[in-house]
Each structure stands twice: as structure tokens, then as C-alpha cells.
Amino acid sequence: MPKPPSSNPIVLYWHRTDLRLHDSPALKAALSLNPSIFIPLWTWDPHYVYRSRVGPNRWRFLLESQDELSKSYKRLNPKQQLWVVREAPITILPKLFKAWGITHLVFEKDTDAYARARDEEVLQLAEKAGVEVIVRMGRNLFDPDELVSKNGGKATMSMAQVEKAAQNIGNGCPERIVETPVEGEIPDAWEFERMRLDSDFKVGVDEKPDLNEGFRTGKDKQYVSVMGPKNDFGVPTLEEIGIKIEDATTPHRGGENEALRILASCIKDEEYIGRFEKPNTSPADFEPQSTTILSPHLHFGTLSVRKFWWDVQDILEKRRKEKKSVSTIPTNLPGQLLFRDMYFGAQAAVGDAFATTYGNPVVRLVDWHLQSKNLENGSETEDDTRNYTVDSEEAEEWFIRWREGRTGFPWIDALMRQLRREGWIHHLGRHSVACFLTRGGCYVSWERGAEVFEELLIDHETACNIGNWMWLSCTAFFAQFYRCYSPIAFGKKWDPEGNFIRRYVPELADFDKKYIYEPWKAPIADQKKWGCRVTGDGSGSSEKEEGKTYPKPMFDFDKRRQICLDSMKNAYDVGLHGADKEVMDGSWGEKFHGGEKPKKRQKTEK
DNA sequence: CCAATGTTGGGACG
DNA sequence: CGTCCCAACATTGG
């Protein structure tokens, strides 16, 4: 079939980080081509399906968002939908170019490491096929690459740098939003018979390792047919992924409508928007939460970050005119969005190595427990599927108990159980548990914690997750390691009654507030009276126990805090970073254990 | 060289 | 509630 002339554009619009119709510069660019045929596409990429850590809650959120996008297309044009194909973009796109006679490929820019490499390849494939590619930024306030270039080509590592760089892009403001397509503005795709793909599209998928195997209680049917099990290019179901709906317990719903509904309801409360200061929002609030919970929508692009920015800025401007109080960057809402851009800038500058310690120039090396294997040259054993080294059985036990929410510290356990159940915890709660796992308790590598968050968070954004773990572990962005979160005092400050604990650790629901943060201190008689014994490790292996139990604390926090503090001091004295020679060649251990003591950094004599 | 600053610590004291 | 201290990090601006 001859390729139609380019005056008759056949446009493939590739959705990735933008499951929305509103404020999408890329979608606008695609529709501006005045397509004769328009095909909104999603490629169900095995890399995401098997190599990224995604728990049931995030799968659900993604599917809800896709489903709604597909319905929105259908509403604007009954012949339209989101066309979901089950194959890797690199292999399927060239075939689709040919099969559908594509003249233009349009998508939103993505600066994540994997996405960058993939898109580079797609660009070449498109060129070979004679397909014109249009890429537009829409995922961030500022193009991360531009932010970096305005920061002297260096990773954006502080708010001050971001603000200065942003000042040189748009006077510190992102571009205004673009209009949403309305009925009649979405052209048709081909007739269904012309869309149909034959069986040679089905490619073998290398399913191992499947990082999400543990969640698949049902059969994995994701790559049975390229057009999906009903051959209709439909949005996958949880069942297709092998996940039971009852395992996806998050109360937070996906989709563009939900995102815009939440935003609108937040914006209506001008006092809340105007006076918002993140450090003054409570990590112990629930129903309603103290923050907007729009982060998962920013992740999936069901909400445009620029719309969020400008809707807030318009309120702030109004309040300034009315001489009402307005909180400032970085604690206000625009400041929160700028932090997101800061992490995207850091990731864009560092590239692939940003997600790890190994090879990463901006991250400090600390002699954590359970380090990633790439830091431990040659310690790998044949039958060990763990990607980290077990240097301490005790530390691995602490890590597992942390992950499962049975550390014996109710504040920590409540947060970790909220994370698992709902896929979301407040930012300060994340601080608490991250500090506890790393520099303020377990001294376990932040990379282990980041993996657990990657799996469980519905708002998991690689740049932000990695950046925040570095921040909390004092390996980058932040260095005041002597500021340590107490698993007892910090929660108590926000929630002296312990209502948050009562909700997420129901065993302790009847404990007096005097003991709810430290239940092990409650007299046995009281424990009996309140219906829960504090005993064991929470693993359920002490099966003789009658009635409810809650584990004893897994260590003496004050002792652990001191050990961590001393170790951090030493690690700072050693002063190595992830891209240093000693880290790359695996010899860094000598600087910590054997050999000469690290030179104390010079301090002026008093 | 020094001082100030940095989104979000904890604890004693007034 | 605010203030100061604890012991002490890196960066920035003078």
C-alpha cells in the first residue's frame, strides 16, 4: 500500500507519561498536524511489566487511568479509544509504522534513564522508516535538560540552584497551559479491520527475572495476543496481569477526572492553598489527609504539573492583591513542585547511575549494611537471588521487619502498613521510616528502602524517590545527619493521642496514649487489660501465644542512634562518592575497616 | 577567612 | 508557644 502524502498526516500519538487530554503540549502538537488518521497508542512494555517493581496498587492506578483516558477519547469521538498493544516499543513501533502507514510519531519528552535510551532508538527507527517525530516537554515545569544547562551543566542539587536556573528560563515560571481538545477535535483512527494486527506481531517475551512474580496470584496473560485477550486493543485488566482486585487495596483512584476533581476541590479552599507550608502538614492525618495526594496523578500524567502550578499561582496572586498572607517557596505548594523538578534535573544530569550508589558522582558512599552487590565486587553466589550482600543477618532481619511493618515501633509500623495497604504515606512519614532504616536506626543501605518504595508507592517517581532516599540518608542533597528522627517523639508531636497508630496497628487500638508509642513499657496487667501482649517478633511464629500480640522493639533505639551517628561521622571523614575509583574497583572497604584511619577534616583550633 | 543559610530533630527550659 | 543548645554537615556570599 502506497504511503499517503504528508499533506495527509497519519499520526501515531504515543502516550507514556501523559495519561490525560488537558494541558498536553505534545497532544496539541499532534492535533495541530490536522491528521487524517489519528491513533492514540499505549505500548505495554515488558520492561515495565517485568523489570520495574510495581505492586498491585500501582497496577490498579495505572489501569484506572488508562481506562478513563480511553473512555475520554471515545466520548470525544465514538470511533476512538486508547489503542493498547502488548509488545515492546522498540520492536512493535517499526511494524506499526508500516502496518498503519504512519507519517508522524508524537510523544511527550521523558528524561528517565531507560526512557531516554529507548526514545533515542525509536528516533532512529522512525528516521529509517521515514516517519517524522515530534517531541514536546510537558511532564515538568521546566525541561530538566534546560534546567541543567542553566545550572552550568551540573546536576541541580539544591533549591537555590533550581530557583536561579528557573529564573533564567521563564522568569521562574513555567509556560501557561494549553487548551484541552473538545468534541470534534479528535480525528478518527482507521476502521477496525484496517487496524487489526496479525499474529506475526506476537513476540517472545523474556519473562525472567519477573520482579513482580510475588504479586501474581493468578496466571500472567499479558502477552497472549498483541491486541489483548479480546483482540480489541483494550486496556488490560488486573486479571490479565495475574493480580486479584482484592490485593489492590488502595483507596486512591486513578484517572484524569479524579485528578482534576481533587485539584479543583483543593483550589476552592483559598486559605489552604495560600497558607500551605509542607513542614506544618501532619503526617498522622487521615480522612482527610493533610496534603493534596496529587502526586500519583503527577506521576502518571493524569494531572498536568503546569496546571497545578498555575491554578495555585492564580490563587496566590489573588491573595497578594487582597493583602492576605501567602506562604513562600520552598515550603508552599509551588515550592513542592520545584523540588520535583530539582530531582528530575539531578537525574537528567547524572543519567543511568542516578538510581544507584555505584557510579553515581553525586551520592556519598556510606558503609551501610545490605549494600547492592555492584559495590561488593565478587561477593555474588550462584543460588542467591538477592541483589544485595548480606553482611549481617541481624540487619537483614531488621530490614525485613521494617518492610513488613513489625519493627516493634508502632509509629514506624503504622506508616509501613499504611504504605502497603494504601500505596501512599505523607512526606514526613516517609522521612521518618527512611531515616529509621538508614542513618537513624538500622544503618541499612538506602537502595534497599528505595526498592521497597518503588514497589509499593502509587506515586513512585524514580527521580523523586531516589532523590528523597539520598536526602534522608544524608548521602546527597542534605548532610545534617545529626538531625535524627525519633520513632517515638516525632509521631507523638503530631498525634499525641496515637489515633494514626490505632488505625494502622489495630492490635494496639485500646492502649492508653501514655504507652501507645512505646507499648513495651506498659505493665503486663495493662497489656492484658488492653487485649494485646507485647512479645515476639511479629512473624507469627510464636503460635502458642493466646490472643493478639504486638512485637517487642527490634533494638534499643538510643543505642542504635549513637552507633549510626558515629558511623556516619566516619563515613563523612572517609569522604568517598559513588563514582570514585575506590568505589568503582571495589576497594573502598579498606578505607573503612583496614588501613590507615581517615584523616580528620581540618578544623581550626580554638 | 568567616558568617549565614539550609523545606520538615529533640529536648530542656521559661 | 518560643528560645537555646546539642554537635556539627555543605554551600554560598562576602
Side-chain angles (χ1 to χ4, degrees), chain A residues 151-152 154-167 275-285 289-292 295 312 326-343 346 361-366 409 411-412 415 425-436 438-441 464 467-496 517-518 557-577 598 600-606:
Chain A
N151 190 45
K154 292 207 290 280
T156 42
M157 300 302 290
S158 74
M159 204 56 194
Q161 289 173 6
V162 171
E163 283 185 272
K164 214 180 284 178
Q167 216 58 48
R275 300 167 67 93
F276 185 97
E277 285 184 301
K278 188 62 156 283
N280 294 337
T281 58
S282 171
D285 279 9
Q289 311 280 2
S290 64
T291 50
T292 64
S295 51
V312 168
V326 169
S327 52
T328 54
I329 291 170
T331 54
N332 66 5
L333 281 167
Q336 304 306 300
L337 301 181
L338 284 170
F339 271 113
R340 180 172 175 271
D341 267 32
M342 175 181 83
Y343 290 132
V362 303
V363 72
R364 191 175 283 279
L365 179 89
V366 171
F409 295 94
W411 170 247
I412 299 296
L415 287 162
I425 43 181
H426 185 280
H427 189 58
L428 292 182
R430 301 184 197 196
H431 276 216
S432 239
V433 299
C435 180
F436 183 86
T438 59
R439 67 181 167 87
C464 301
N468 277 317
W469 273 97
M470 290 175 183
W471 183 299
L472 265 302
S473 61
C474 288
T475 51
F477 299 101
F478 184 74
Q480 289 159 273
F481 55 73
Y482 43 89
R483 290 194 177 170
C484 182
Y485 290 85
S486 159
I488 295 142
F490 187 72
K492 216 182 254 181
K493 183 172 79 182
W494 292 104
D495 179 20
Y517 284 88
E518 302 166 280
F557 173 71
D558 289 331
K559 278 191 193 140
R560 284 302 308 169
R561 182 185 177 280
Q562 196 54 53
I563 290 168
C564 288
L565 214 58
D566 293 343
S567 304
M568 287 300 287
K569 236 182 288 186
N570 183 58
Y572 267 66
D573 284 339
V574 169
L576 286 173
H577 289 77
K600 279 273 166 200
R601 282 151 298 157
Q602 214 51 52
K603 279 265 144 159
T604 33
E605 295 294 326
K606 59 167 176 332

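By convention in this document, chain letters (A, B, ...) are assigned in the order of the sequence lines, proteins followed by strands, and residues within each chain are numbered from 1.
With values rounded to the nearest 0.5 angstrom, A/E163 atom CD is found 12.0 Å from A/D341 atom CG.
The C1' atoms of C/dC4 and C/dA8 are separated by 16 Å, rounded to the nearest whole Å. Of the P atoms belonging to B/dT5 and C/dT3, the separation is 15 Å, rounded to the nearest Å. Nucleotides B/dT7 and C/dG13 have their P atoms positioned 13 Å apart, rounded to a whole Å. Here the separation of B/dC1 from C/dA7, taken at their C1' atoms, is 22 Å to the nearest Å.
Within 4.0 Å (heavy atoms only), A/W494 reaches no atom of the nucleic acid at all. Nucleic acid contact for A/E277: none, since no nucleic acid atom lies under 4.0 Å from a heavy atom of the residue.
A/Y517 meets the ring-ring contact (aromatic ring centres under 6.0 Å, His included) test with no other residue; sequence neighbours excluded. For A/R430, the side-chain hydrogen bond (donor to acceptor under 3.5 Å, both in side chains) partners two or more places apart in sequence, or in a different chain, are A/D459. Scored by the salt bridge (Lys or Arg N to Asp or Glu O under 4.0 Å) test, A/R560 finds no partners at all (sequence neighbours excluded). Applying the salt bridge (Lys or Arg N to Asp or Glu O under 4.0 Å) test to A/R364 and every residue at least two apart in sequence or in another chain returns nothing. Shown here are the side-chain contact (heavy atoms from CB on, under 4.5 Å) partners of A/V326, two or more places apart in sequence or in another chain: A/L316, A/R319, A/R320. Residues that satisfy the ring-ring contact (aromatic ring centres under 6.0 Å, His included) test with A/F478, not counting sequence neighbours, are A/W471. Applying the salt bridge (Lys or Arg N to Asp or Glu O under 4.0 Å) rule to A/R275 yields the partners A/E271; only residues at least two apart in sequence or on another chain are considered. Taking A/E518 as the reference, A/I488, A/K492, A/W520, A/K521 meet the side-chain contact (heavy atoms from CB on, under 4.5 Å) condition, with sequence neighbours excluded.
Rounded to an integer number of Å, the gap from CG of A/N151 to P of C/dT11 is 13 Å. Summarising the geometry, the separation between NE2 on A/H427 and C1' on B/dT8 is reported as 8 Å, rounded to the nearest angstrom. Residue A/L338 contributes atom CG, which lies 12 Å from atom C1' of B/dT7 at whole-angstrom precision. Rounded to an integer number of Å, the gap from CD of A/E163 to C1' of B/dT7 is 11 Å. The CG-C1' distance, from A/D566 to C/dA8, rounds to 13 Å in whole Å. Straight-line distance from the NE2 atom of A/H426 to the C1' atom of B/dT7: 12 Å, rounded to whole Å. Summarising the geometry, the separation between CE on A/M342 and C1' on B/dT7 is reported as 10 Å, rounded to the nearest angstrom. Per the geometry, CE belonging to A/M470 stands 17 Å off P belonging to C/dA10, to the nearest Å.
Side-chain proximity of A/Q480 to B/dT8, B/dT7, C/dC9: nearest is C/dC9. Checking C/dC9, B/dG10, B/dT8 against every side-chain atom of A/F490, the shortest atom distance belongs to B/dG10. Comparing atom distances between the A/A479 side chain and each of C/dA10, B/dT8, B/dG10 picks out C/dA10 as nearest. For A/P330, taking side-chain heavy atoms from C-beta onward, the closest of the listed nucleotides B/dT7, C/dC9, B/dG10 is B/dT7.
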N/O to N/O distances under 3.5 Å, protein versus nucleotides 11-14 of chain B:
none

Restricting both atoms to N or O, compile the protein contacts to nucleotides 12-14 of chain C shorter than 3.5 Å, with distance only.
{"unit_1": "C/dT12", "atom_1": "OP1", "unit_2": "A/Q161", "atom_2": "NE2", "d": "3.3"}
{"unit_1": "C/dG13", "atom_1": "OP1", "unit_2": "A/K164", "atom_2": "NZ", "d": "3.1"}

What are the atom names and distances for every N/O pair under 3.5 Å that joins the protein to nucleotides 2-7 of chain C?
none

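With contacts defined as side-chain heavy-atom distances shorter than 4.5 Å, the pair A/L333/A/K278 does not qualify.
Side-chain N/O atoms of A/R364 include none lying less than 4.0 angstrom from OP1 or OP2 on C/dC9.
Under the stacking definition used here (centres under 5.5 Å, planes under 30°), the residue A/F339 qualifies as stacked on the base of B/dT7.
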**Asked** For DNA chain C, what dot-bracket results from Watson-Crick or G-U pairs at under 3.5 Å, with [ ] for crossers and | for inter-strand partners?
**Response** ||||||..||||||

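Between the side chains of A/N332 and A/Q336, no donor-acceptor pair is found at a separation under 3.5 Å. Between the side chains of A/T281 and A/H426, at least one donor N or O lies within less than 3.5 Å of an accepting N or O.
Contact between A/F276 and A/S290 at its shortest, heavy atoms only, is CE1-O, 4.3 Å.
Ring pair A/Y485/A/H431 is perpendicular by interplanar angle, where above 60° counts as perpendicular and below 30° as parallel.
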**Request:** Kindly determine whether A/Q562 and A/D558 satisfy side-chain hydrogen bond (donor to acceptor under 3.5 Å, both in side chains), including the steps that lead there.
**Result:** CA-CA 6 Å; A/Q562 196 54 53; A/D558 289 331; over 6 Å; no

